[in-house]
Amino acid sequence: MTDDAHHIVGRFAPSPTGPLHLGSLVAALGSYLMARVSGGSWLLRMEDLDLPRVVTGIADDILFTLETLGFEWDGEVLYQSRRTEQYREAAEELIRRGLAYGCGCTRSEIAQISSAPHGETLVYPGICRDGLPPEKVERALRVKVYDEVICFNDAVMGRYCQRLTASCGDFVVRRADGPYAYHLAVVVDDAASGVNQVVRGADLLSATPCQIYLQRVFQFPTPNYGHLPLVTGPDGSKLSKRDNAISLAAGRDLSKEGGGLLLGALHFLGQNPPASLATASSRDILAWARENFDPTCIPRDPAPFHRNADTPASTPL
Ligand code: GLU
């Protein structure tokens with residue numbers, strides 16, 4: 001590693017709530033190659049903050065799967081479950097600066113008032129923003145957002161803009177059930193690890209403006225972002241978890257199947273590995289990819305995943 005300002009620091013940040021799946025394999029490979037192709041570092045972080053959803057043994061299973069596939073990461077794996085103190089300090093800074101407040105609203109109360117008719121993300125209508133109403137007890141901690149449009153240039157998806165007051169409103173940084181929220185942890189950790197390149201699945205594209213907002217509040221640098229297309233089932237539908245899982249725990253023998261999976265992931269990312277790699281080891285495939293990866297070929301649209309791009313119709317996973 002060097003101190004060079006241009007040294008890329010990328011990362012892969014799986015949540016150990018289930019075995020590695022095709023989508024996370026694509027995110028692992030995409031983030032790894034985007035970093036390594038320019039001689040950068042690649043870090044690994046276990047996003048195990050959401051303890052009720054964390055499955056025992058899965059973090060180790062993910063690491064073992066990545067190792068078996070030939071991935072090498074730099075430094076120690078960072079576990080979010082061991083960094084509560086850092087998140088607490090960040091949350092306290094927000095409170096001290098008058099930027100965060102305790103909120104006593106339940107999801108159903110918000111749903112009743114929120115301008116979003118349905119769907120996952122409800123726009124918080126600001127009920128507790130100017131002080132907790134007397135009948136309420138503090139549940140979550142929210143950060144205040146202001147009426148501005150946040151834009152960034154995504155390396156894959158292009159320019160993306162969002163007005164936080166319209167998309168989510170004041171958002172949660174510590175959840176009602178205890179843990180610090182994903183947005184806060186990600187921003188604190190990426191800054192602490194010097195991450196300057198975030199490559200991950202397109203399901204997180206719309207989460208990025210909230211994270212950029214927090215980076216600005218804390219005066220952290222904003223990394224470069226690249227969001228990779230989502231993996232669908234053969235007919236464009238959502239993949240089931242079972243079909244999707246690729247770890248040893250899910251019954252797959254990666255010493256045999258690993259090369260085919262990596263080649264499939266390379267094709268999925270728009271790369272063109274030579275046919276001579278069809279029988280190569282995972283390590284040799286990754287070595288080829290580190291030399292030849294072309295980020296400009298990554299497609300934007302969701303697509304099915306094929307293990308062997310020469311016969312795509314016959315071997316969908
Ligand atoms: N832990 C998240 C996931 O597994 C990824 C978070 C990120 O890359 O920022 O979907």
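Order of listing sets the numbers, starting from 1, for every ligand and every atom in it. Atom set for the values below is all heavy atoms of this structure, side chains included, hydrogens, waters and symmetry mates excluded.
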Starting from the C-alpha separation in whole Å, work towards a yes-or-no answer on side chain to side chain contact (heavy atoms under 4.5 Å, CB included) for Val172 and Leu141. CA-CA 6 Å; Val172 170; Leu141 187 71; over 6 Å; no
Just the distances, no angles: every ligand 1 N or O to protein N or O pair closer than 3.5 Å, one line each.
from, atom 1, to, atom 2, distance (Å)
ligand 1, 1 (N), Ala13, O, 2.7
ligand 1, 1 (N), Ser15, OG, 2.8
ligand 1, 1 (N), Glu47, OE1, 2.6
ligand 1, 4 (O), Ser15, N, 3.3
ligand 1, 4 (O), Ser15, OG, 3.2
ligand 1, 8 (O), Arg11, NH1, 2.6
ligand 1, 9 (O), Arg11, NH1, 3.4
ligand 1, 9 (O), Arg11, NH2, 2.9
ligand 1, 9 (O), Tyr182, OH, 2.9
ligand 1, 9 (O), Arg200, NH1, 2.8

Looking at Arg45 and Asp190, is any side-chain nitrogen of the basic one under 4.0 Å from a carboxylate oxygen of the acidic one? yes
Is Arg83 salt-bridged to Asp189, going by a charged N under 4.0 Å from an acidic O? yes
Summary of salt bridge (Lys or Arg N to Asp or Glu O under 4.0 Å) pairs that have at least one residue in residues 200-216, sequence neighbours excluded: none
Check SG atoms, Cys161 and Cys151, less than 2.5 Å apart: yes
Kindly indicate whether a cation-pi arrangement holds for Arg53 with Tyr182, taking the cut-offs as under 6.0 Å to the six-membered ring centre and within 45° of the axis. no
